Student: 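Okay, here's the structure, questions in a sec.
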Number of protein chains: 2
Amino acid sequence: MDIHQNVGSRLKALRKRYDLSQRKLADKAGLTHGTVSHIERDKISPSIGTLRQILDAIPMTLSDFFSDQGERDTDFFYAEDDLLDVGSGGVSLLQIGKNLNGLPLQILLERYPPGSETASTPYRCRSGEEGGIVIEGEIELTIDDRTRVLKANEGYLFPSHLPHKMRNVGEVDCVIVSACTPPA
Amino acid sequence: MDIHQNVGSRLKALRKRYDLSQRKLADKAGLTHGTVSHIERDKISPSIGTLRQILDAIPMTLSDFFSDQGERDTDFFYAEDDLLDVGSGGVSLLQIGKNLNGLPLQILLERYPPGSETASTPYRCRSGEEGGIVIEGEIELTIDDRTRVLKANEGYLFPSHLPHKMRNVGEVDCVIVSACTPPA
DNA sequence: TGTGAGTGTATAATATATTATACAGTCCAC
DNA sequence: GTGGACTGTATAATATATTATACACTCACA
């Protein structure tokens, strides 16, 4: 009963972030504040049902609760210089936020020069979704053996675990805004 | 359907998929096979520690265990006509995918005419993140009492539970690509 | 037929989680 | 100061999870 690493501190941080007292949270969840106190101090390992009750009251999913969520930025705005380039080769991938660890959302401003492409590796992500919208130019997108060319104002959306590949078959840069969750 | 999804059937399917008997799994996890049996038939709600032991033996993370991996759309590509307008007033919000129910990711192509704005209501979302990138024009964005004007290629990212408001204070349309998770 | 090695289930005994309390500290109004 | 409404913690009593069994069933093989 000492092996539950961080359920307690996680719950406490979560509760604080939503500005709830142990009693308020316990009321919403239909539990007693003592239980919340026990859990937060890692005195007990709550049952799934109990934790689900608590998270439903916040609300938050069990999956999100257990996905590592570190401290988050308090800086909400990002100038162009604040975007972090995580691309390689000729491809530019500008990411919103430098410290995404644990954040459930990654947004990228992508620019593909003519002829450039992303690796065709299956790139086995965790469960999650990935999608985007083409802003300028054209891109050939292959998802799980299905290929299509997308133009400006067209989009895509697929589960991240599928192998996928981007290739700019046009003659001008292709600009895409993409989002995926959770970040790999 | 996921509110009361049973841990039991999920664990049983998982165990079967890895071709393990209740005893083999229990041994690996350092538990008794009776416990596994109880859990699979939903006779008990296991403690987090116990479930973690079991999943470690498979292995699988708690987050992945609770993440819904149900059937989803097999249509990955979206032409401009396939985007669903969920906006109101003068604001156009084109959503990728018509049937997002249960999907953890919503991507929007937003267009704000000069002078238009989104409701200033706190708009208390579920937990999650929301962010975006300005493509054209300028937008005045207010997040939790902080206000800033963003131009093209600038972005924003914040936890969805904070009150926020958009207003186009420029003289041309403002185009934004945004993403949020989970969809409200 | 058996016998042995598998399966999963059912049930008391025991360990643990959850409740119902009491307690101590903080903050604010008066 | 004093009272009241909050915090969060600590500890017995109770409810529940987990264990240690026993049991019934299937399948392969002699």
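Throughout, protein chains are lettered first and strands after them, A, B, ... in sequence-line order, and every chain is numbered starting at 1. Predicted model, so just to flag it, every value in this text is computed and none were measured.
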Student: Check whether any side-chain N or O of B/Thr35 sits under 4.0 Å from OP1 or OP2 of D/dT19, and answer yes or no.
Tutor: yes

Student: Would you mind telling me which residue lines up with the more 5' stretch of DNA chain C, B/Leu20 or A/Leu51, judged by nearest nucleotide?
Tutor: B/Leu20

Student: Under 4.0 Å between a side-chain N or O of A/Arg41 and OP1 or OP2 of D/dG8?
Tutor: no

Student: What stem regions, each of at least 3 consecutive Watson-Crick or G-U pairs below 3.5 Å, can be found for DNA chain D?
Tutor: C:1-30 with D:1-30

Student: In chain order, what residues pass the side-chain contact (heavy atoms from CB on, under 4.5 Å) check against A/Arg15, with sequence neighbours excluded?
Tutor: A/Lys12, A/Leu20, A/Gln22, A/Leu25, A/Val36, A/Glu40

Student: I'd like to check the side-chain hydrogen bond (donor to acceptor under 3.5 Å, both in side chains) partners of A/Ser116; sequence neighbours left out, ordered by chain and number.
Tutor: none

Student: Give me, pair by pair, the N or O atoms of the protein and of nucleotides 24-26 of chain C that are less than 3.5 Å apart, along with how far apart they are.
Tutor:
none

Student: Which nucleotide in the set D/dT18, D/dT9, C/dG8 lies at the smallest distance from any side-chain heavy atom of B/Leu31?
Tutor: D/dT18

Student: What residues form a side-chain hydrogen bond (donor to acceptor under 3.5 Å, both in side chains) with B/Ser92, not counting sequence neighbours?
Tutor: none

Student: Test of understanding: with side-chain contact (heavy atoms from CB on, under 4.5 Å), list the residues that count as partners of B/Lys28, not counting sequence neighbours.
Tutor: B/Ala57

Student: Show each protein N/O and nucleotides 12-17 of chain D N/O combination with a separation under 3.5 Å, one pair to a line.
Tutor:
{"residue": "D/dA17", "atom": "OP1", "partner": "B/Ser45", "partner atom": "N", "Å": "2.9"}

Student: Could you give the CZ-to-C1' distance, from B/Arg52 to D/dT18, as a whole number of Å?
Tutor: 18 Å

Student: For a quick check of understanding: with a heavy-atom distance under 4.0 Å over all strands, which category does B/Lys24 fall into, base, sugar-phosphate or nothing?
Tutor: sugar-phosphate

Student: Just N and O in the side chain of B/Arg15: are any of them under 4.0 Å from OP1 or OP2 of C/dT7?
Tutor: no

Student: Could you list the donor-acceptor pairs under 3.5 angstrom formed between side-chain atoms of residues 131-141 of chain A and any protein atom two or more places apart in sequence or on another chain?
Tutor:
{"residue": "A/Glu140", "atom": "OE1", "partner": "A/Arg167", "partner atom": "NE", "Å": "3.2"}
{"residue": "A/Glu140", "atom": "OE1", "partner": "A/Arg167", "partner atom": "NH2", "Å": "3.2"}
{"residue": "A/Glu140", "atom": "OE2", "partner": "A/Arg167", "partner atom": "NH2", "Å": "3.2"}

Student: Under 4.0 Å between a side-chain N/O of A/Gln53 and OP1 or OP2 of C/dT18, yes or no?
Tutor: no

Student: For B/Leu11 and C/dG8, what is the distance between atoms CG and C1' respectively, to the nearest whole Å?
Tutor: 14 Å

Student: Picking from A/Ile54, A/Leu51, A/Leu31, what satisfies side-chain contact (heavy atoms from CB on, under 4.5 Å) with A/Ile39?
Tutor: A/Ile54

Student: Does a distance-only test, which skips hydrogens and angles, find a donor-acceptor pair under 3.5 Å between the side chain of B/His33 and the base of D/dT18?
Tutor: no

Student: Donor-acceptor pair, distance only, cut-off 3.5 Å: does the side chain of A/Asp56 make one with the backbone of A/Met60?
Tutor: no

Student: Select base, sugar-phosphate, or nothing to describe what B/Ile39 touches, counting heavy atoms under 4.0 Å on all strands.
Tutor: nothing

Student: What's the CZ-P distance between B/Arg23 and D/dC23, to the nearest Å?
Tutor: 14 Å

Student: How is B/Ser21 classified with respect to the nucleic acid when contacts are heavy atoms under 4.0 Å: base, sugar-phosphate, or nothing?
Tutor: sugar-phosphate

Student: Go through the structure and list residues passing side-chain contact (heavy atoms from CB on, under 4.5 Å) with A/Thr32, not counting sequence neighbours.
Tutor: A/Thr35

Student: How would you list, by chain and number, every residue that makes a salt bridge (charged side-chain N to carboxylate O under 4.0 Å, His left out) with A/Asp173, sequence neighbours excluded?
Tutor: A/Arg111

Student: According to side-chain hydrogen bond (donor to acceptor under 3.5 Å, both in side chains), who are the partners of B/Ser45, at least two apart in sequence or on a separate chain?
Tutor: none

Student: Using only side-chain N and O atoms of A/Thr32, determine if any of them is under 4.0 Å from OP1 or OP2 of C/dA20.
Tutor: no

Student: Output the rounded distance in Å from CD1 (A/Ile54) to C1' (C/dT18).
Tutor: 11 Å

Student: Could you tell me which residues satisfy side-chain hydrogen bond (donor to acceptor under 3.5 Å, both in side chains) with B/Asp42, sequence neighbours excluded, listed by chain and number?
Tutor: B/Asn6

Student: To the nearest Å, give me how far apart CD (B/Glu40) and P (C/dT9) are.
Tutor: 7 Å

Student: Is B/Gln22 close enough to C/dG6 that one of its side-chain N or O atoms is under 4.0 Å from OP1 or OP2 there?
Tutor: no

Student: As a test of understanding, state which of B/Lys24, B/His38, B/Arg23 forms a side chain to side chain donor-acceptor pair (under 3.5 Å) with B/His33.
Tutor: B/Arg23

